[in-house]
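Report on the following structure.
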Amino acid sequence: MILGYARVSTGGQSLDAQLDALQDAGCERVFEDRVSGVRAERPGLTQALETARAGDILVITKLDRIGRSLKHLVSLVTELAERDVGLRVLSGEIDTTSSQGRLVFHLFAALAEFERELIVERTRAGLEAARARGRLGGRPPKMTVERLRQAQTLLSNRNLAASDIAETLGVSTSTLYNYLDGKGRLKPPAVALLAKARSPKGDGE
């Protein structure tokens with residue numbers, strides 16, 4: 001079966017162009033979401049993944065419709081490959097059922113690993129520098145969108161303690177866990193922070 005998935009960021013945007021492209025691609029069922037690209041909760045995508053069976057193909061119009069980040073995209077494609085489900089991207093003609101398409105995602109996976117290693121290296125260097133200087137007093141700054149993104153990436157590395165991550169970002173451990181759980185998933189305050197940052201007057205704090 002050929003399954004389709006379409007997403008727009010807000011209820012005011014139209015899915016029509018994506019739905020037309022997916023229909024032209026031969027999709028027998030199409031699943032939809034109207035949520036931001038950074039939101040972890042995507043009921044339509046979840047349903048599509050639960051519906052897909054071995055030999056099926058999931059079709060999307062663009063890569064950014066399905067992945068929240070490079071790491072998340074690689075994780076999804078790996079999961080699909082393990083279940084013998086293909087991924088076809090209409091924009092760019094990427095198809096993991098072909099040898100060329102699989103090569104593209106091997107490169108994506110290598111880039112994601114390279115990015116993770118760089119972050120770990122920088123974090124360790126930052127921790128060593130912070131310890132050498134001694135911890136500064138005063139109230140830790142508020143969580144920002146940039147710190148939140150960094151925290152999500154760092155929490156995915158099981159070799160780093162939450163207290164060390166919080167110290168590197170300049171926030172308290174309690175603040176870190178107020179926004180994210182132990183796996184880096186967004187909590188309501190984090191969702192609110194990102195929504196505020198996307199608003200016209202949002203300042204990211």
* Structure fact -> CZ of Arg88 to CG of Leu22, rounded to nearest 0.5 Å, is 11.5 Å

* Hey, are the side chains of Val171 and Tyr179 touching, using non-hydrogen atoms and a 4.5 Å cut-off? -> no

* Asked: Any chain of hydrophobic side-chain contacts (each under 4.5 Å) joining Val145 to Leu155?
  -> yes

* For the residue pair Ser172 and Thr175, what are the closest heavy atoms and their distance? -> OG-OG1, 2.8 Å

* Structure fact -> Rounded to the nearest 0.5 angstrom, the OG1-CG distance for Thr173 and Asn178 is 12.5 Å

* Quick one: are Val35 and Glu41 in side-chain contact, heavy atoms under 4.5 Å? -> no

* Asked: What distance separates Gln150 CD from Ile165 CD1, expressed to the nearest 0.5 Å?
  -> 11.0 Å

* Considering all heavy atoms, the nearest Ala151-Leu180 contact -> CB-CD1, 3.5 Å

* Structure fact -> Nearest heavy-atom contact between Leu87 and Thr96 is N-OG1, 2.8 Å

* Find out whether Leu194 and Leu186 are in side-chain contact, i.e. whether some heavy atom of one side chain is under 4.5 Å from a heavy atom of the other. => yes

* To do: Not counting sequence neighbours, which residues clear salt bridge (Lys or Arg N to Asp or Glu O under 4.0 Å) with Lys187? List them please.
  => none

* Please step through side-chain contact (heavy atoms from CB on, under 4.5 Å) for the pair Glu82 and Thr78, ending with a clear verdict. => CA-CA 6 Å; Glu82 290 173 348; Thr78 300; 3.8 Å; yes

* To do: Locate the shortest heavy-atom distance separating Ala21 from Leu90; write the atom from each residue and the value.
  => O-CD1, 3.7 Å

* To do: Look up atom CD in Gln18 and atom NZ in Lys62, then write down how far apart they are to the nearest 0.5 Å.
  => 8.5 Å

* Of all residues at least two apart in sequence or in a different chain, which pass the side chain to side chain contact (heavy atoms under 4.5 Å, CB included) check with Leu49? -> Leu45, Leu58, Leu76, Leu80, Arg83

* Structure fact -> Hits for salt bridge (Lys or Arg N to Asp or Glu O under 4.0 Å) against Arg65, two or more places apart or cross-chain, chain-then-number order -> none

* To do: Heavy atoms only: give me the nearest Val59-Ala25 pair and the separation to one decimal.
  => CG1-CB, 4.3 Å

* Asked: With a 4.5 Å limit on heavy-atom distance, are the side chains of Arg34 and Leu15 in contact?
  -> yes

* Quick one: side chain to side chain donor-acceptor pair (under 3.5 Å) partners of Asp16, sequence neighbours excluded? -> Ser14

* Asked: Who pairs with Asp181 by salt bridge (Lys or Arg N to Asp or Glu O under 4.0 Å), at least two apart in sequence or on another chain?
  -> Arg185

* Asked: For Leu19 and Ala6, which heavy atoms make the closest approach, and how far apart are they?
  -> CD2-CB, 4.1 Å

* Under 4.5 Å between any side-chain heavy atoms of Thr61 and Ser91, yes or no? -> no

* Applying salt bridge (Lys or Arg N to Asp or Glu O under 4.0 Å), name anything that partners Arg29, two or more places apart in sequence or on another chain. => none

* Heavy-atom count around Glu79 CD within 6.0 Å, excluding the residue itself: above 12? -> yes

* Drop me the distance from Glu28's CD to Asp56's CG, to the nearest 0.5 angstrom. => 8.0 Å

* Shared ILVMFWY cluster between Val191 and Met143, side chains joined below 4.5 angstrom? -> yes

* To do: Nearest 0.5 Å please: distance from the CD atom of Gln47 over to the CD atom of Glu50.
  => 7.5 Å

* Do Phe31 and Thr46 have side chains that get closer than 4.5 Å, going by heavy atoms? -> no

